[in-house]
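Here is the structure we will look at, set down as structure tokens.
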Amino acid sequence: MRAIVLLCLLEAAFVQAFDFAWPGPGTNTGNVGVNPNSENACLADQASCSCCLMQQQIQRMKMFFNMSLNELEKELTKTKNVLNNVRASRSAFSVALTTEDKLKCYGPFRDDKLIIYKHVFINLGDGFNTETGVFTVPRSGVYSLALTVYSDAGSPGNTLAACAGLLVNGQLVAGPREKNMQDQEDSATIVVALHLNAGDLVAVNLPIGCFLCDDSSHYNTFTGFLLYATD
């Protein structure tokens, strides 16, 4: 835009200069009053041809800059559309097992159960349901998923069973597991990258005999976010 303004100022300056310039020897004085801006200036006054050529060159430069500006505006529009698309597809969640201040254990149960995470750090895109513990994939792409489990056996010699399973559409993908009688407390973590399709259901399962313990320190966490979309 600055270049176009500069060209317009130059054109005005050239026009004023030629309005008051001596046309040169041999000029038809009857045509002194011809406006150099006229498209027929060269036909009416040969001495004004230099002005005509200069104006034509300025016009070409204007056209060039206008074309360049139009292309830049098109690229800017494309970039804005891509950015808006990225913003619209943002998806990330990070949750913890409980909101309790005191240590409280979840399980063990006689059957496998989905873990219901109650504390929400972030739920960008509202893909994670705190009522069901299920993350519904909003858009096909590669996702990073991380799961940490922690448990406290209560006293030395008791069985420690900090274990869980990461499920996609009900199928076990991976699962951290720390089960022994040597540790009173322990934790385990897994981090995976998976290609998921829109509508896939991701959840964490608590197997039979396993139990998790947590408090406001949030030892048990489940996190996922979209790395990049593939649709």
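Just so you know, these numbers use all the heavy atoms, side chains as well, and skip hydrogens, waters and symmetry mates.
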Q: Supply the atom-to-atom distance Asp112 CG to Leu206 CG, rounded to the nearest 0.5 angstrom.
A: 7.5 Å
Q | Asn220 side chain to Tyr150 backbone, donor-acceptor under 3.5 Å | A | yes
Q.
As an exercise, state the distance from OG1 of Thr130 to NE2 of His119, rounded to the nearest 0.5 Å.
A. 12.0 Å
Q.
Would you compute the distance between atom CZ of Phe225 and atom OG of Ser144 and round it to the nearest 0.5 angstrom?
A. 4.0 Å
Q. Distance from Ser91 atom OG to Leu227 atom CG, nearest 0.5 Å?
A. 11.0 Å
When the side chains of residues 189-205 are checked against the rest of the protein, which donor-acceptor pairs come out under 3.5 Å, sequence neighbours left out?
residue : atom : partner : partner atom : Å
Thr189  : OG1  : Thr148  : OG1          : 2.9
His195  : NE2  : Thr230  : OG1          : 3.1
Asp200  : OD1  : Asn169  : ND2          : 3.1
Asp200  : OD2  : Asn197  : N            : 2.8
Asn205  : OD1  : Lys113  : N            : 3.4

Q. Would you call Leu166 and Leu145 a side-chain contact if the rule is heavy atoms closer than 4.5 Å?
A. yes
Q) Under 6.0 Å between ring centres, would you say that holds for Phe128 and Phe135? A) no
Q | Beyond-backbone contact of Asn129 with Thr136, side-chain heavy atoms, under 4.5 angstrom | A | no
**Q.** From CD (Glu73) to CG (Asn66), nearest 0.5 Å
**A.** 9.5 Å
**Q.** Validation row: Tyr106, Ile115 side chains within 4.5 angstrom (heavy atoms)
**A.** yes
Q) Does the side chain of Asp101 reach to within under 4.5 Å of the side chain of Asp215, using non-hydrogen atoms? A) no
Q: Please round to the nearest 0.5 Å and tell me the distance separating atom CG of Leu160 and atom OG of Ser187.
A: 9.5 Å
**Q.** Hydrophobic cluster membership, Phe109 vs Ile116, 4.5 Å side-chain cutoff
**A.** yes
Q: Give the cluster check for Val149 versus Ile208: same hydrophobic cluster or not, with ILVMFWY residues linked at side-chain heavy-atom distances below 4.5 Å.
A: no
**Q.** Check: Phe121 main-chain N/O paired with Ser94 side-chain donor or acceptor under 3.5 Å
**A.** no
(Q) Taking CZ in Phe64 as the centre, count heavy atoms belonging to other residues, nucleotides or ligands within less than 6.0 Å. Is the count above 12? (A) no
Q | 4.5 Å side-chain heavy-atom contact, Leu172 and Leu167 | A | yes
**Q.** Sub-4.5 Å side-chain heavy-atom contact between Pro176 and Leu147
**A.** yes
**Q.** Set of residues satisfying salt bridge (Lys or Arg N to Asp or Glu O under 4.0 Å) with respect to Lys102, sequence neighbours excluded
**A.** none
Q. Which atom names give the shortest non-hydrogen contact between Ala162 and Ser151, and what distance separates them?
A. CB-CB, 3.5 Å
Q: Determine yes or no for a side-chain-to-main-chain donor-acceptor pair under 3.5 angstrom, with Thr98 supplying the side chain and Glu100 the backbone.
A: yes
**Q.** Taking every non-hydrogen atom, the tightest pair across Leu226 and Gly141
**A.** CD1-CA, 4.0 Å
**Q.** Same apolar cluster: Val134 and Leu212, side chain cutoff 4.5 Å
**A.** no
Q: Taking all non-hydrogen atoms of both residues into account, name the closest pair between Asp214 and Tyr219 and its distance.
A: OD1-N, 2.8 Å
Q | Over all atoms of both residues, closest heavy-atom pair of Ala188 and Arg177 | A | CB-N, 4.0 Å
